[in-house]
Each structure stands twice: as C-alpha cells, then as structure tokens.
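Notes for the one structure printed next.
Letters go in sequence order (proteins before strands), and every chain restarts at 1.
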Number of protein chains: 2
Amino acid sequence: MTVDDTANGPSHWVTAADVARRAGVSRSAVSRTFTPGASVSQETREKVMAAAEALGYRVNILARSMIQRQSNLVGIVVSGFASPFLPGILAPLVSELDRRGLAPLLMDARRADNVEESLRDLLSYRVAGAILTSGTPPIELAEEYSRLHVPVVMINRIGDFEGVDTVGSDNRRGGALAAECLLASGARRLAYVNRPTGTHSGRERGAGFCEAMALVGAAGVSFELIEADRPDYEGGVTAARRLLDRPANLRPDGVFCSTDELAFGLMDVARGAFGLTVPGDLAVVGFDDIPMARAGAYAMTTIRQDTTGLAQRAVARLVERMEAPSLPSRADVLPVTLVERRSHLLASAG
Amino acid sequence: MTVDDTANGPSHWVTAADVARRAGVSRSAVSRTFTPGASVSQETREKVMAAAEALGYRVNILARSMIQRQSNLVGIVVSGFASPFLPGILAPLVSELDRRGLAPLLMDARRADNVEESLRDLLSYRVAGAILTSGTPPIELAEEYSRLHVPVVMINRIGDFEGVDTVGSDNRRGGALAAECLLASGARRLAYVNRPTGTHSGRERGAGFCEAMALVGAAGVSFELIEADRPDYEGGVTAARRLLDRPANLRPDGVFCSTDELAFGLMDVARGAFGLTVPGDLAVVGFDDIPMARAGAYAMTTIRQDTTGLAQRAVARLVERMEAPSLPSRADVLPVTLVERRSHLLASAG
DNA sequence: GCCGTTGATGCACACGAGTGCAATTCACCA
DNA sequence: TGGTGAATTGCACTCGTGTGCATCAACGGC
C-alpha cells in the first residue's frame with residue numbers, strides 16, 4: 001500500500017511509467033487515459049485509473065506543456081497591490097482562467113516602465129498569454145509577443161498595438177455621468193481631481209466630464225482640473241487642501257475624483273479641516289465603486305466599473321487569440337453605471 | 001536579421017539549438033552559458049550571448065525544471081480576494097518570491113474546504129512549494145506534500161501538521177494590547193466582535209483580550225463576545241445593531257473588532273443609526289491596520305500586523321525547507337504593534 | 001472460411017534543456 | 001622536447017510526457 005518503493009530517495013514523484021508498471025499496461029495507455037479523446041478501452045482505462053489512484057499519480061503539466069509546445073500558464077501583470085480596485089479585478093480573472101484550465105502566473109511590475117522586464121520574464125515560462133492590468137508594453141516587446149503568437153490583453157489601458165487586444169470601461173461615459181450627476185445636484189463650480197502620471201483612463205474620464213459639462217451648458221458653470229500628487233488616499237488629502245483653501249465663494253461645490261480612494265481623502269479633509277458637510281456643502285462623485293464606497297461614512301456616489309465583465313471579456317479575448325493568433329486587434333469598451341448614494345447631494349439643490 | 005527562418009510556422013520559439021547553430025558552437029555550450037557556475041570560455045560565452053541576443057533567445061524554464069526535477073513555481077492559495085488585508089500580504093510575498101527567482105502561481109480556493117482541490121491541482125505543476133493564506137489542508141494532503149518534499153507554509157493559520165511551517169502574528173498579544181488600550185481609555189463595558197466561521201486567529205485575539213482584561217482587573221468591568229454574521233463591513237453593521245440597540249446604560253463603551261473592516265461598519269452604524277460619537281461616546285479598536293484605517297473618517301486605533309515581515313518569513317521558511325525537507329515544523333510568531341490614532345478615545349476619560 | 005474494417009495497444013521518437021564523461025586543446029614547467 | 005595539469009568542449013543520455021505509425025486482435029459480411 002505504501003508508495004515509497006524507493007525508500008527515501010530524493011524525489012517521490014509518481015510518473016506515468018510507475019502507473020503503467022503497476023497496471024500492467026504500456027506507458028502510452030496511461031498517457032491516453034489522461035488525454036481526453038484518446039483511444040483507450042474501458043478495461044484498460046479502469047486498470048490505469050485504479051493504479052493511478054493507488055499511487056497518487058498526477059500528470060506532470062510541465063512535461064505535457066513541453067511536448068505540446070503550449071503551456072497553460074497565463075501571466076498576470078499588475079503594478080503594486082496598492083490600488084483597492086485591483087482585488088475586484090483579480091478575483092474574477094483568476095476564477096475565469098481557472099474555469100478554462102489556465103493557471104495565473106502573477107507578476108508585479110513595481111514601476112510602470114518595469115512592465116517590460118516582467119513581460120520578458122514571462123516569456124521564459126512560455127506563457128500561453130499575458131494580461132496587463134497596468135502599464136503598457138514597449139512596442140518591440142509587443143511585436144515579439146505577436147511574432148511568438150502569445151496573445152496580450154490589456155485591461156483599462158490603451159495602446160494601439162498590432163495584435164494586442166484591449167478591454168476597458170467606458171471612461172468617457174463615466175466622466176459624463178459624473179458631470180451630469182453633479183450638475184443635476186445643482187453644483188456650478190466643478191472640479192476634476194485626476195491621478196498623477198497621466199494615465200489614459202484618467203484623461204478620458206476628465207474629457208468625458210468636460211464634454212458633458214459643455215453639452216449641458218448650464219449658465220455660470222466653471223471648471224477646474226487638478227492633478228493629485230499621489231494616486232491614493234493621501235493624494236486626495238493634498239488635492240483637497242489645494243482645492244478648498246480659498247475664500248468660500250471661490251471653492252468648488254462639486255468635485256469628481258478619478259478614483260474612489262482620492263474621493264475618500266478629499267471628503268475627509270473637506271469635513272475635517274474645512275468644516276464642510278458632504279453631502280450638503282460639497283458634492284463628490286468617485287470612480288470604481290470599490291467596496292468601501294458603500295461605507296456609511298462616505299456613502300459615495302460613484303461610477304461603477306463592471307470588474308467581472310472586464311475580467312471575463314479579457315480572458316475570452318485571450319483565448320480567442322490563442323486559437324486564432326492573427327486576429328485583428330479589438331478594443332472592447334464595457335458600460336459603466338452611476339451608483340447614486342448620497343455624496344453627490346447639495347443642500348442648496350432645487 | 002529576421003528570426004523567421006521557418007517563415008510562418010506555428011511556433012517561433014527560439015531554442016538553444018538555434019543559438020548554437022548561429023554561434024557555431026555546440027548546444028551544450030549554450031546551456032552552460034546560461035547556467036551560472038558552468039565552465040565556458042570567455043570567447044564562447046560572448047559568441048553565445050551575441051547569438052542569443054540577436055535571436056531573442058530565452059531559456060525555457062519549463063524544460064529546465066523538468067531536467068532538474070525542481071520547478072521554481074510556488075503556489076499561493078488564497079480564498080477570495082474580499083479581504084482588504086490580502087493585498088498587503090500579497091505584495092511583499094510576490095516581491096520576495098521574485099527576489100529569490102521563484103514565480104507565484106495564484107490559486108483561489110473560494111470556499112475554505114476547497115483548499116484541498118487547489119493544493120491537489122498545484123501538485124500537477126510540480127510546484128516547489130505552497131503558501132496558504134487561508135484554509136488548512138486536510139491531513140492526508142499535508143502528508144502527501146511532506147512525502148513529496150514539497151514544503152507548505154501557512155500564514156496566520158494554525159494546524160499541527162508534521163513538516164508544515166506556520167508564520168503568524170501574535171494574535172493573543174494583539175488582543176491584549178487592544179484590551180489594555182480600551183481600559184486605559186476608561187472603557188468599562190467591553191465587547192469583542194469576532195468574525196464568523198471560527199478562525200484560529202479570531203479566537204486567539206479574543207482570548208488575548210479576555211486574558212489581559214482579567215489581568216488588569218479593573219473594578220466593574222464587563223465583557224461580551226459576539227460573532228458577526230459576515231467577515232466584512234456588513235458584518236460590522238449588523239453586529240453594531242445587535243450590540244447597541246439597547247438602553248444606553250447597557251451599551252458597551254469599548255469595542256474591539258477582529259478586523260478593521262468590521263470596525264468600519266460598526267463605527268458607521270454607531271454614528272449614523274445611534275447618534276453616538278466615535279471617539280467620544282464609544283471607543284473602538286480594530287485589527288490589521290489596513291490602509292483605510294488611517295482615513296480621517298475613522299482614524300482607527302488598531303493592531304498592526306507586520307505584513308512584510310510575515311511574507312518575508314514565510315518565503316524564508318519555504319526556501320529553508322526546500323533545501324532541508326525533513327526539518328521539524330516551526331511556528332513563527334511575529335510581534336504586532338498598537339497604532340494609536342483616535343478611535344479608542346472616550347469623552348469621559350480621566 | 002477469408003478478407004476488410006475497426007478499435008486498442010505498444011514502440012519509438014520528440015519536446016528543450018542540464019550534465020557526467022571522455023576527448024581535445026593549450027599552457028606551462030622540468 | 002616531453003609530460004602534466006587545468007580548462008573547454010562535445011557527445012550522448014536524461015527528465016516525463018504526447019502521439020504517429022505499425023501491429024494485432026476481434027468482428028462482421030460475403
């Protein structure tokens with residue numbers, strides 16, 4: 001019953017040959033038993049399964065990948081885990097990959113320009129594809145991936161690369177929804193707090209915001225754009241100081257933040273340091289709808305991204321391209337929705 | 001200059017043989033060039049490197065793993081990405097693994113009892129080890145890992161498995177610190193809000209809390225333990241209702257929550273639904289010190305876990321056991337620290 | 001009873017790399 | 001000049017698996 005035929009050798013991995021020996025069949029039969037669609041008689045299959053069970057045999061996926069020249073490893077490149085938005089996208093991503101028999105190899109590109117190194121490392125693992133949630137690959141690397149038929153999908157990033165698919169939220173529309181919401185609340189002195197390191201999504205959100213503001217064209221509307229010095233809560237804090245430390249009649253009364261996290265910082269400072277009420281004196285709209293956005297302290301009105309949809313679409317595109325590598329690039333844009341809680345309300349509203 | 005010798009074949013991966021051909025050396029020479037410590041002349045190395053560079057050669061790590069019978073894949077098993085504490089541990093984990101040339105294979109065990117399946121799957125990848133941030137393996141699987149010399153390290157979990165290392169925070173001490181802090185603030189009617197699905201860490205925190213409370217032994221101190229119905233913000237919300245919906249003189253004035261997230265929910269309800277001030281009427285202490293704990297809205301006094309330390313220690317233990325598989329199990333306990341912000345203060349304090 | 005067809009099985013090769021061993025080169029010293 | 005040693009190099013084997021091809025048995029139709 002014991003598996004330790006070799007006593008205490010350095011490695012006890014059970015191979016297909018071991019199973020074959022025990023089942024009294026050829027190694028090929030074992031291989032075929034574990035290969036869906038191969039030709040094996042019911043009798044052999046049962047013998048093999050019994051032996052495999054008894055020995056605790058598991059197919060060596062690495063060896064299989066070698067012979068099939070196709071691994072089921074998929075690289076996931078993130079840059080830091082600081083963003084609270086990341087887990088929301090990671091969870092469905094992993095589960096979707098798992099559903100398709102793919103395994104996520106996690107890579108952290110600390111700095112945005114380090115994506116290059118991560119992507120290069122991934123090639124050593126002969127990944128079946130790569131999903132980028134951050135950063136954009138340098139063009140020659142994108143070409144190398146394309147030449148090697150290793151599909152790349154970028155989430156919420158834009159880069160016009162041949163053969164690289166993009167899946168993202170409708171950032172423009174999100175910005176527009178935010179503008180409409182704030183204007184409807186009666187806000188007239190609007191501001192947009194963007195993240196630093198000009199991200200594409202950040203710019204798009206701002207553009208959508210401005211555009212909608214102009215379209216609605218309410219009289220006496222002013223607009224101001226500022227860029228936070230950090231992409232996180234602290235960035236919202238300092239942005240708030242810059243935005244609110246001025247005479248009351250010059251202060252914005254409606255602020256759209258590029259991120260819920262920025263909005264948290266801004267709201268806290270508005271309330272704490274400046275004694276404003278939010279909602280009430282100041283209307284705030286965020287972006288992402290991370291879990292904390294529904295916390296009572298913030299009751300954040302925000303633009304929700306369909307993280308599950310993004311992940312599913314990304315994996316779908318990846319798999320499609322694995323099967324047909326020379327597909328033209330596609331850029332999917334998924335709808336966003338306005339989640340109205342309370343932070344967008346103004347006391348003076350009509 | 002083009003790599004496409006075979007025009008548009010299905011696969012363009014460059015192999016060591018290609019490099020050897022181009023450099024005019026044997027395949028062994030190529031292999032040795034990329035194997036640290038192997039014997040290659042400077043001249044050959046340069047020829048190989050030049051050819052490799054020109055062709056864009058990358059060692060196939062999967063093939064290398066096969067021949068060396070030792071992969072550098074390490075399984076990381078999490079259960080869901082819901083906990084905001086997770087990113088804090090994931091980030092240093094990935095970076096520490098990377099530093100040692102190991103690559104993280106991410107597995108999501110949605111339900112706690114699904115860890116078994118994840119661990120079993122990992123064996124197919126011949127992982128060099130596994131790190132569990134959640135759930136405990138069934139005993140026979142732990143034995144299988146041990147027999148195969150695949151080290152397993154559990155973070156913040158306890159299970160007395162032969163050959164399985166454990167790295168965790170000093171939860172007892174954390175609970176004690178919380179109790180001391182609340183008592184020092186003048187709280188006398190204490191409560192502990194635990195997570196559901198009795199986790200080891202949750203029980204330990206409660207035990208440490210009680211123990212310290214008894215040791216300090218202030219007169220007229222009462223204690224109450226309740227279990228949230230969910231481990232997240234919403235769990236804190238419902239726990240707060242159960243705890244506070246009673247005559248004022250029976251309400252706790254100092255609450256310790258097993259998690260910052262629970263504490264957020266509790267604070268919001270205390271303020272919103274019951275009109276209490278926190279700090280002021282109610283003192284609250286959390287656990288973890290996740291990024292949002294420092295938000296102005298909460299200014300959460302909390303017990304900080306050394307996530308970086310946990311990750312580094314976990315990887316260190318993993319690597320040690322990779323080199324010496326039959327080491328006795330070790331259980332590391334890392335210190336926690338009290339981070340005093342404002343949520344623990346009471347207006348009535350002396 | 002013979003032959004063609006179908007299905008199962010095993011042999012042998014391949015995937016891409018590391019490495020022991022023997023052969024070769026080269027320098028250096030006596 | 002011959003011998004000794006070290007340093008390099010290439011051959012060939014190996015890791016664990018998938019799979020084309022040939023073989024073989026069984027079976028059914030004539």
Side-chain angles (χ1 to χ4, degrees), chain A residues 6 9-49 51-52 55-73 123-128 148, chain B residues 6 9-48 51-52 55-73 101 123-128 148:
Chain A
T6 60
S11 166
H12 298 298
W13 292 108
V14 179
T15 78
D18 298 329
V19 177
R21 209 164 8 243
R22 171 157 183 146
V25 300
S26 79
R27 203 184 50 69
S28 307
V30 178
S31 179
R32 292 195 169 99
T33 300
F34 289 96
T35 305
S39 167
V40 205
S41 71
Q42 187 60 26
E43 189 193 346
T44 315
R45 158 166 278 123
E46 276 165 10
K47 282 194 291 184
V48 169
M49 289 307 268
L55 263 42
Y57 172 70
R58 320 236 84 222
V59 176
N60 184 333
I61 296 198
L62 271 45
R64 170 183 286 175
S65 301
M66 276 215 51
I67 195 72
Q68 297 188 150
R69 319 183 64 158
Q70 157 91 322
S71 88
N72 43 13
L73 262 29
L123 285 179
S124 295
Y125 287 91
R126 298 297 187 268
V127 288
L148 294 169
Chain B
T6 59
S11 165
H12 298 299
W13 292 106
V14 179
T15 78
D18 298 329
V19 177
R21 208 164 9 245
R22 171 155 183 148
V25 298
S26 78
R27 204 184 48 71
S28 309
V30 178
S31 179
R32 283 193 247 267
T33 301
F34 290 96
T35 305
S39 168
V40 205
S41 72
Q42 188 59 28
E43 189 193 345
T44 312
R45 156 167 281 123
E46 277 165 9
K47 281 195 291 185
V48 170
L55 262 43
Y57 172 69
R58 320 237 85 223
V59 177
N60 184 332
I61 296 198
L62 272 44
R64 171 184 284 175
S65 301
M66 277 218 50
I67 194 73
Q68 296 188 150
R69 319 184 63 156
Q70 156 91 325
S71 87
N72 43 15
L73 261 29
L123 285 179
S124 294
Y125 288 91
R126 298 296 188 268
V127 288
L148 294 169

For residues 28-40 of chain A, run the donor-acceptor check on the side chains, cut-off 3.5 Å, and write out each pair with its distance to 0.1 Å, sequence neighbours left out.
from	atom 1	to	atom 2	distance (Å)
A:T33	OG1	A:A29	O	2.8
A:T35	OG1	A:S31	O	2.7

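Atom CH2 of B:W13 is separated from atom C1' of C:dA17 by 15 Å (rounded to the nearest Å). We find that CG of A:L62 is positioned 14 Å from P of C:dA17, with the value rounded to whole Å. Rounded to whole angstrom, the span from the CD atom of A:Q68 across to the P atom of C:dC15 amounts to 14 Å. In this structure, A:R58 atom CZ and D:dT17 atom P are separated by 12 Å, rounded to whole Å. If you take CD1 of A:I61 and P of D:dG18, they are 10 Å apart, rounded to a whole angstrom. One can place CZ of B:R69 at 15 Å from C1' of C:dA17, the figure rounded to the nearest angstrom. When rounded to the nearest whole Å, the span between CD1 of B:I67 and C1' of C:dC15 equals 12 Å. Following rounding to the nearest Å, B:D18 (CG) and C:dA17 (P) show an atom-to-atom distance of 9 Å.
The side-chain heavy atoms of A:W13 and A:D18, taken from C-beta on, include no pair separated by under 4.5 Å.
Shortest non-hydrogen contact noted between A:Y125 and A:L73 is O-CD2, 4.1 Å. Among all heavy-atom pairs drawn from B:S124 and A:R58, the shortest one is OG-NH1, 3.4 Å. Taking each heavy atom of B:Q70 and B:A128 in turn, the nearest pair found is OE1-CB, 4.3 Å. Taking both residues in full, the closest heavy atoms of A:V14 and A:Y57 are given as O-CD1, 3.4 Å, listed atom of the first, atom of the second, then distance.
Considering only residues two or more places apart in sequence or on other chains, A:E43 meets the side-chain hydrogen bond (donor to acceptor under 3.5 Å, both in side chains) condition with none of them. Listed by chain and residue number, nothing satisfies the side-chain hydrogen bond (donor to acceptor under 3.5 Å, both in side chains) test with A:S26 (two or more places apart in sequence, or in another chain).
Residue B:V25 is the one, among B:R126 and B:V25, whose nearest nucleotide of DNA chain D lies closer to the 5' end (criterion: closest heavy atom).
Taking the side chain of B:A29 as heavy atoms from C-beta on, and the options D:dT17, D:dG10, C:dA17, the nearest nucleotide is D:dG10.
At a cut-off of 3.5 angstrom, the base of C:dC11 holds at least one donor-acceptor pair with the side chain of A:S28. For A:S26 and C:dC11, a side-chain-to-base donor-acceptor distance below 3.5 Å is absent, hydrogens and geometry of angles not being considered. Judged by distance alone, with hydrogens and angles left aside, B:R27 brings a side-chain donor or acceptor within reach of the base of C:dG18, the pair sitting under 3.5 Å.
Against DNA chain C, the stretch residues 31-48 of chain B makes heavy-atom approaches under 4.0 Å through B:S31, B:R32, B:T35.
Summary of helix geometry: the two end axes of the helix from C:dG1-D:dC30 to C:dA30-D:dT1, each defined by five base pairs via their C1' atoms, are inclined to each other by 50° (rounded to 10°).
Taking side-chain N and O atoms only, A:Y125 has no distance below 4.0 Å to OP1 or OP2 of C:dG16.
The CD atom of B:Q68 sits 10.5 Å away from the CD1 atom of B:I61 when rounded to the nearest 0.5 Å. Once rounded to the nearest 0.5 Å, the distance linking CG of B:L62 with CG of B:N72 reads 9.0 Å.
Formation of a donor-acceptor pair under 3.5 Å by the B:S71 side chain with backbone atoms of B:R126 is found in this model.
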Given the rule in the side-chain contact (heavy atoms from CB on, under 4.5 Å) test, do A:R22 and A:V19 qualify, once you have shown the distances and angles that lead to the verdict? CA-CA 5 Å; A:R22 171 157 183 146; A:V19 177; 5.9 Å; no
N/O contacts under 3.5 Å, protein versus nucleotides 24-26 of chain D?
none

